[in-house]
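Accompanying notes for the structure given below.
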Amino acid sequence: MVKLAEWRGKAVFRKYGVPLPQGAVARTADEAEALVRSGAVPLPCVVKAQVLAGGRGKGGAVRFASTATEARAAAEAILGLEFQGERVKELLLEEKLTLSRELYLSLTLDRSARLPLIIASAHGGVEIESVDDHEIDRQHVDPFPGLTNFEKRRVAKVLGLTGGPAKSLDRLLDALWKLFQGEDAELVEINPLAVVGDGLVALDAKVIIEDDAAFRHPEYADIRDDRTPLEEIAREKDIAFVQLDGDIGVIANGAGLTMATLDVLKEFGGNPGVFLDLGGTDDPRKVTEAFLLMARAKPKAVFLNIFGGVTRCDTVAKGLVEAMRQVPADERFPLIARIRGNNEKEGIEILRAAGVTSIPELKQSAQAVVAAAAGGSS
Amino acid sequence: MVKLAEWRGKAVFRKYGVPLPQGAVARTADEAEALVRSGAVPLPCVVKAQVLAGGRGKGGAVRFASTATEARAAAEAILGLEFQGERVKELLLEEKLTLSRELYLSLTLDRSARLPLIIASAHGGVEIESVDDHEIDRQHVDPFPGLTNFEKRRVAKVLGLTGGPAKSLDRLLDALWKLFQGEDAELVEINPLAVVGDGLVALDAKVIIEDDAAFRHPEYADIRDDRTPLEEIAREKDIAFVQLDGDIGVIANGAGLTMATLDVLKEFGGNPGVFLDLGGTDDPRKVTEAFLLMARAKPKAVFLNIFGGVTRCDTVAKGLVEAMRQVPADERFPLIARIRGNNEKEGIEILRAAGVTSIPELKQSAQAVVAAAAGGSS
Amino acid sequence: MSVLLTRETRVVVQGITGHQGTVHSRQMREFGTNVVAGVTPGKGGTTVEDVPVFDSVQLAVDATHANASCIFVPAPFAKDALLEAVDAGIRLVVIVTEHIPFHDMLVMYHYARSHGARIIGPNCPGIASPGVAKLGIIPNVVFRPGRVGVISRSGTLTYEIVNGIKEHGLGQSTCLGLGGDPVVGTSFVDALPLFQDDPDTDLIVLVGEIGGTAEEDAAEYIRTQFTKPVVAYIAGRSAPPGKRMGHAGAIITRGKGTAETKLAALRAAGARVARFPYEIPDLVAEIVRHGGSP
Amino acid sequence: MSVLLTRETRVVVQGITGHQGTVHSRQMREFGTNVVAGVTPGKGGTTVEDVPVFDSVQLAVDATHANASCIFVPAPFAKDALLEAVDAGIRLVVIVTEHIPFHDMLVMYHYARSHGARIIGPNCPGIASPGVAKLGIIPNVVFRPGRVGVISRSGTLTYEIVNGIKEHGLGQSTCLGLGGDPVVGTSFVDALPLFQDDPDTDLIVLVGEIGGTAEEDAAEYIRTQFTKPVVAYIAGRSAPPGKRMGHAGAIITRGKGTAETKLAALRAAGARVARFPYEIPDLVAEIVRHGGSP
């Protein structure tokens with residue numbers, strides 16, 4: 001998924017006609033001050049860190065300014081702060097509006113119902129998880145015929161809107177629905193959605209775009225989210241790769257098998273740190289690449305757990321042996337393999353020839369990996 | 001329904017990106033010549049009468065010109081011609097393209113299936129009715145999910161298109177589908193659709209817009225079609241009014257009852273000429289207006305056949321009596337009434353007081369009307 | 001028994017606060033219909049002649065367990081009204097509203113169909129079963145309980161014909177006015193099986209019009225699957241080709257859907273054909289005299 | 001009998017001329033599946049290992065009376081392929097293709113549903129009944145005819161588990177791999193009734209994953225309506241919250257859909273819970289030893 005930073009989300013909002021405060025992006029304190037002096041951002045204004053992590057407000061990364069000098073000071077205070085490992089590099093400066101109410105509104109997918117879902121609450125401006133369930137309205141939208149007027153009337157009622165703000169909501173909901181479909185969004189969230197005078201304004205914007213729709217949206221291709229550098233390389237090579245704190249590397253095929261392997265390793269005291277899902281690949285070159293990527297994560301031991309269905313065990317084995325040749329001696333690590341299924345015998349033979357033993361049982365092989373990571377030999 | 005003249009249809013085509021010959025509209029021979037001289041219409045060109053009636057080509061209303069002088073001559077020859085009562089007031093001048101094939105393509109409603117229907121034939125440029133049925137492909141399009149790629153591939157195959165023209169068709173079909181829905185069209189027809197070089201060009205355009213969608217399309221409100229002046233007045237007053245050649249006027253309520261009344265009058269040798277359907281109106285003022293409209297059509301006798309359901313008989317009777325007062329003495333006509341149903345007795349009483357007899361049986365009342373039109377007294 | 005309606009049918013009237021909605025809600029109740037709620041957005045909490053009005057169909061259904069709807073809202077809002085009714089779980093909707101764009105009706109029809117809901121109409125008189133209930137606007141006075149089923153594409157002509165049956169001393173099981181718009185929720189072919197399965201209907205009167213092919217389709221169904229006697233009448237035998245007669249259903253297009261093709265198909269399917277409306281009661285009475293055999 | 005497939009199922013493979021399509025068509029046939037046609041637009045008239053290829057599903061259905069489809073076409077074209085299959089009258093479609101945008105799947109799912117068609121997948125192994133037929137990509141070698149039903153959201157893990165059952169000397173009636181995408185055509189709750197009604201299935205193995213609420217929904221169904229014994233396994237018990245594990249189905253969101261909530265619900269519904277994949281065959285064997293009572 002591609003999570004858009006607030007300013008990017010608001011750029012998408014603007015494209016669909018969602019009403020926004022006047023604002024602009026700054027990357028230095030100089031830029032921030034200049035935006036105010038030039039009038040691009042009216043005063044008083046708010047200066048907001050552009051990070052994907054939550055808790056900006058409490059973390060001092062949202063500040064107010066009444067003068068250009070104050071805006072500069074706010075920018076200086078915020079730039080460089082770190083939130084859950086994410087450093088603040090961009091700021092959004094926006095006019096500070098006088099609002100009468102803060103609402104919550106989002107559009108996402110309800111998997112169980114296989115329908116888009118509008119979530120609305122009159123209690124906005126706080127984490128939606130903290131709002132009482134009976135204060136939150138959930139309403140499905142059918143892709144055919146799309147968002148209807150009766151659904152929009154219901155949202156207006158839930159939010160307690162009439163008159164001008166209700167009319168503004170009507171247009172806003174149409175815009176969000178078009179955005180949700182047109183941008184292949186997984187989530188469109190406005191919190192708070194503010195009542196300002198006789199209309200509505202989106203004070204925040206949270207937009208998540210679905211990865212699988214990337215072929216329709218080259219415009220999001222260059223957006224980095226919270227991936228580590230190695231995860232980023234994996235993504236470019238189309239390898240599912242997740243990096244955490246543990247020391248055991250896991251190469252498996254299929255999300256379910258990868259997770260099951262994790263469960264077993266944990267059970268025997270292991271601490272998995274890198275998960276690499278080969279998926280249904282059949283290409284020895286890709287296996288080699290995946291393995292080299294794993295080497296760069298410097299695991300203490302690696303567990304290769306493959307069940308060959310579409311994937312052929314001998315192909316995977318070939319790729320693995322090739323990779324082992326390429327890994328520098330000082331970066332080598334203990335490797336425990338378990339390969340089963342399609343062309344199992346051929347695969348085991350290839351591994352054996354390269355000095356790697358395949359243990360057929362999941363339990364025993366997992367125990368061997370944990371022992372290896374703890375300092376035993378491979 | 002609003003039938004658009006070719007040039008108007010093509011203006012709509014242009015809005016949706018349907019490829020067209022370069023052209024422009026002229027209302028005088030001077031204008032026609034100027035369009036060619038200015039280069040707005042490239043040479044050689046075709047000069048076409050803008051009438052809704054068919055048979056333009058055979059009627060000498062489509063001519064070719066290789067020079068501005070020829071274009072002027074063609075315009076002079078065509079302007080003022082009459083087709084089924086419709087005088088040529090507008091000309092469309094267009095570049096004459098070199099085409100390799102003529103195809104037929106239309107999009108309309110299949111009432112039985114309750115689905116839009118694409119009709120396609122490789123045999124274009126002639127009346128589609130004259131094409132063998134097995135040479136015509138019919139394919140439904142479901143509003144959900146809308147026109148699909150596999151449907152477009154089928155049309156391409158039917159039309160025998162590959163390569164550039166197939167790509168052109170792909171975009172063209174998307175455009176027609178959007179037009180069909182976006183303009184509330186009853187019919188979008190291109191005949192011929194020409195293969196010109198590596199693409200397609202719509203040489204003709206037939207677009208019919210649905211009346212009932214007028215509230216969404218104020219842009220078509222001023223377009224007159226083939227209504228008579230009285231029909232036009234009726235339309236403005238929202239009265240269903242049809243004028244033909246006969247001499248008996250019929251005022252009834254509901255299309256079915258109006259038609260049944262016609263059937264009975266014909267059976268007894270009558271020649272109905274003006275049909276006026278009050279619909280479900282309950283408003284004596286509207287009845288009066290309808291009656292005065294009828295008077296202007298100068299019928300030899302009028303048959304008022306009302307079955308009061310939603311409509312109340314006494315209301316209709318009141319409107320009628322008021323209208324009779326307003327009709328000048330020399331425009332009066334014999335009136336035979338048959339009013340049944342809701343508040344029947346009160347209605348009959350009102351009519352009797354005004355000197356009009358209500359005959360309860362349809363057969364007898366129809367016979368009386370025919371006799372009256374033939375010269376008998378009312 | 002009867003077709004579609006029962007004495008338990010609980011009706012919500014959408015657009016009840018408008019003139020037509022109010023008048024016909026009253027007449028439906030006078031006919032014995034259980035009108036339990038009305039809906040007009042923004043008028044929730046009020047009443048119309050003691051019928052509670054709600055802001056939405058969902059609220060009306062939640063409060064009154066309404067299971068059928070009759071729609072009177074103006075054409076530009078009719079699509080939304082129908083979608084709202086079906087979304088709220090209503091599975092039988094009569095749409096009286098006229099002049100609904102057919103592009104809207106296409107969406108309405110397919111949405112209803114995919115949710116298992118039936119639409120009667122639009123632009124239709126609705127359905128009435130004397131002694132049971134009525135959904136729509138057919139005048140109460142034309143009815144008398146009996147065993148003749150009536151299916152019609154017309155409006156006023158239906159009243160005329162139903163009234164004729166009554167004046168002949170016969171009565172109706174159910175009268176179903178389908179409407180003559182380009183896209184209708186229920187066609188002859190959809191309606192015939194309901195009457196086939198209704199033990200209270202001995203024979204049916206089918207009232208068609210020129211235009212479209214609904215009558216030809218009906219004839220095919222009657223020929224192959226309908227076992228009860230049919231009396232048929234087609235209005236517009238003498239109508240001029242290509243002229244509008246009040247609504248789009250009455251256009252003759254391309255030599256199809258003429259009175260001749262329709263009458264020939266119905267005759268071939270074994271229907272007795274009335275040439276004029278006033279012949280219908282006699283044909284019906286004759287069938288009844290002969291014990292209802294076709 | 002078996003679930004969804006019979007020996008008479010006639011399969012069209014959409015995307016048969018691609019690498020995956022060709023390989024798996026061969027394996028389906030080796031499994032005993034009646035693969036009657038392939039479809040690749042523009043390649044009509046050719047053959048793939050003696051299977052005739054057509055330009056459209058309609059042409060394939062007209063010529064071969066295919067009544068089920070297996071889709072291998074790339075994600076950008078999968079929506080069109082599904083719509084084409086359903087439009088041509090196919091009522092069972094397995095979609096192997098991965099990475100289909102869920103907005104496309106919403107359209108596909110609701111279109112199929114409104115036309116009475118069932119989708120398995122997308123991004124799924126498909127369905128296999130040993131001795132009957134196979135639609136999809138589950139390796140042939142893991143099967144052995146028997147009376148254990150398997151329903152799974154996973155891919156490779158399913159093969160592992162089915163293989164484990166075989167190596168334990170037991171066999172499968174039908175294995176159904178649903179796929180773990182955000183929008184699936186058939187969920188646990190949709191699949192369970194099929195196994196409930198299948199006389200050849202004595203018990204089922206349910207393989208779930210963290211993320212979503214499909215397992216909780218399944219537990220509710222099992223508790224109230226499913227009468228056969230259930231062995232359940234949930235993968236991802238130790239997965240870190242909020243990290244993607246290969247596909248969107250494996251995201252833990254907002255404290256819902258955790259392994260704990262799923263396992264608790266399944267236990268409360270009477271299912272035997274395996275903590276690791278290798279425990280499943282033992283639990284199954286134990287139930288079989290005790291005569292299949294839950």
Side-chain angles (χ1 to χ4, degrees), chain B residues 1 109 111-112 114-116 128-129 142-144 180-182 184-186 210-216 231 240-245 252-267 272 275 277-280 282 305-311 340-342 344 361-363 366, chain C residues 20 23-24 75-76 98-107 109-111 114 125 137-139 141-142 152-160 163 180-184 187 207 209-210 212-214 217 233 235-240 243-250 254-255 259 275-278:
Chain B
M1 58 189 169
L109 171 71
R111 294 173 176 213
S112 288
R114 287 107 157 178
L115 285 172
I128 190 67
E129 288 89 339
D142 198 320
F144 179 76
F180 186 66
Q181 293 202 310
D184 280 296
E186 284 183 26
E210 197 200 7
D211 263 348
D212 284 341
F215 67 89
R216 283 198 280 253
E231 284 175 355
F241 181 99
V242 176
Q243 211 172 356
L244 287 171
D245 293 332
N253 59 337
L257 186 59
T258 307
M259 288 191 286
T261 306
L262 231 74
D263 295 345
V264 178
L265 286 172
K266 280 261 186 184
E267 171 71 10
F275 325 124
D277 177 2
L278 292 178
D282 215 358
N305 187 13
I306 298 294
F307 195 95
V310 180
T311 312
R340 303 295 315 270
N342 196 356
E344 172 178 325
E361 287 80 26
L362 179 52
K363 190 173 174 178
Chain C
Q20 271 217 327
V23 167
H24 290 290
E98 60 179 352
H99 296 310
I100 298 176
F102 80 79
H103 282 278
D104 286 4
M105 239 335 265
L106 285 176
V107 172
Y109 173 77
H110 290 283
Y111 184 79
S114 74
I137 61 170
I138 314 181
V141 294
V142 301
S152 172
R153 271 173 79 192
S154 294
T156 317
L157 181 58
T158 311
Y159 315 157
E160 166 99 34
N163 194 56
D181 269 17
V183 176
V184 289
S187 67
V207 183
E209 291 180 3
I210 53 171
T213 58
D217 299 343
Y233 171 72
R237 216 167 53 242
S238 64
K243 275 280 179 176
R244 287 166 305 136
M245 297 301 298
H247 62 64
R254 299 194 170 186
R275 295 177 64 232
F276 304 105
Y278 48 77

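Just so it is clear: chains get the letters A, B, ... in the order the sequence lines come, proteins before strands, and each one is counted from 1.
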Heavy atoms, side chains only, cut-off 4.5 Å: are [X] and [Y] in contact?
| X | Y | value |
| --- | --- | --- |
| B:Pro143 | C:Leu106 | yes |
| B:Lys363 | C:Phe276 | no |
| C:Ser187 | B:Arg114 | yes |

### Query
With chain C, which of B:Ala260, B:Ser112, B:Pro116 has the greatest number of heavy-atom pairs at distances under 4.5 Å?
B:Ala260
### Message
Between B:Leu257, B:Asp184, B:Asp263, who has the most heavy-atom pairs with chain C when the cutoff is under 4.5 Å?
### Response
B:Asp263
### Task
Take C:Leu157 and B:Met259 through the side chain to side chain contact (heavy atoms under 4.5 Å, CB included) test and state the conclusion after the steps.
CA-CA 9 Å; C:Leu157 181 58; B:Met259 288 191 286; over 6 Å; no
Nearest heavy-atom pair of [X] and [Y]: which atoms, and what distance?
| X | Y | answer |
| --- | --- | --- |
| B:Lys266 | C:Ser238 | CG-CB, 3.5 Å |
| B:Ala185 | C:Phe102 | O-CZ, 3.2 Å |
| B:Gly308 | C:Pro139 | O-CG, 4.3 Å |

### Message
Whether the side chain of C:His103 engages the backbone of B:Phe180 through a donor-acceptor N/O pair (distance < 3.5 Å, no angle test) should be reported.
### Response
yes
### Task
Look at C:Val184, C:Asp217, C:Val107 and state which one has the largest set of heavy-atom pairs under 4.5 Å with chain B.
C:Val184
Contact part of [X] toward chain B, heavy-atom cut-off under 4.5 Å: side chain, backbone, both or neither?
| X | value |
| --- | --- |
| C:Tyr159 | both |
| C:Gln20 | side chain |
| C:Pro76 | both |
| C:Ile138 | neither |

Say you draw a straight line from [atom1] of [X] to [atom2] of [Y]; how long is it, rounded to the nearest 0.5 Å?
| X | Y | atom1 | atom2 | answer |
| --- | --- | --- | --- | --- |
| C:Met105 | B:Asp212 | CE | CG | 12.0 Å |
| C:Thr156 | B:Ile306 | OG1 | CD1 | 8.0 Å |
| B:Arg216 | C:Asp104 | CZ | CG | 4.0 Å |

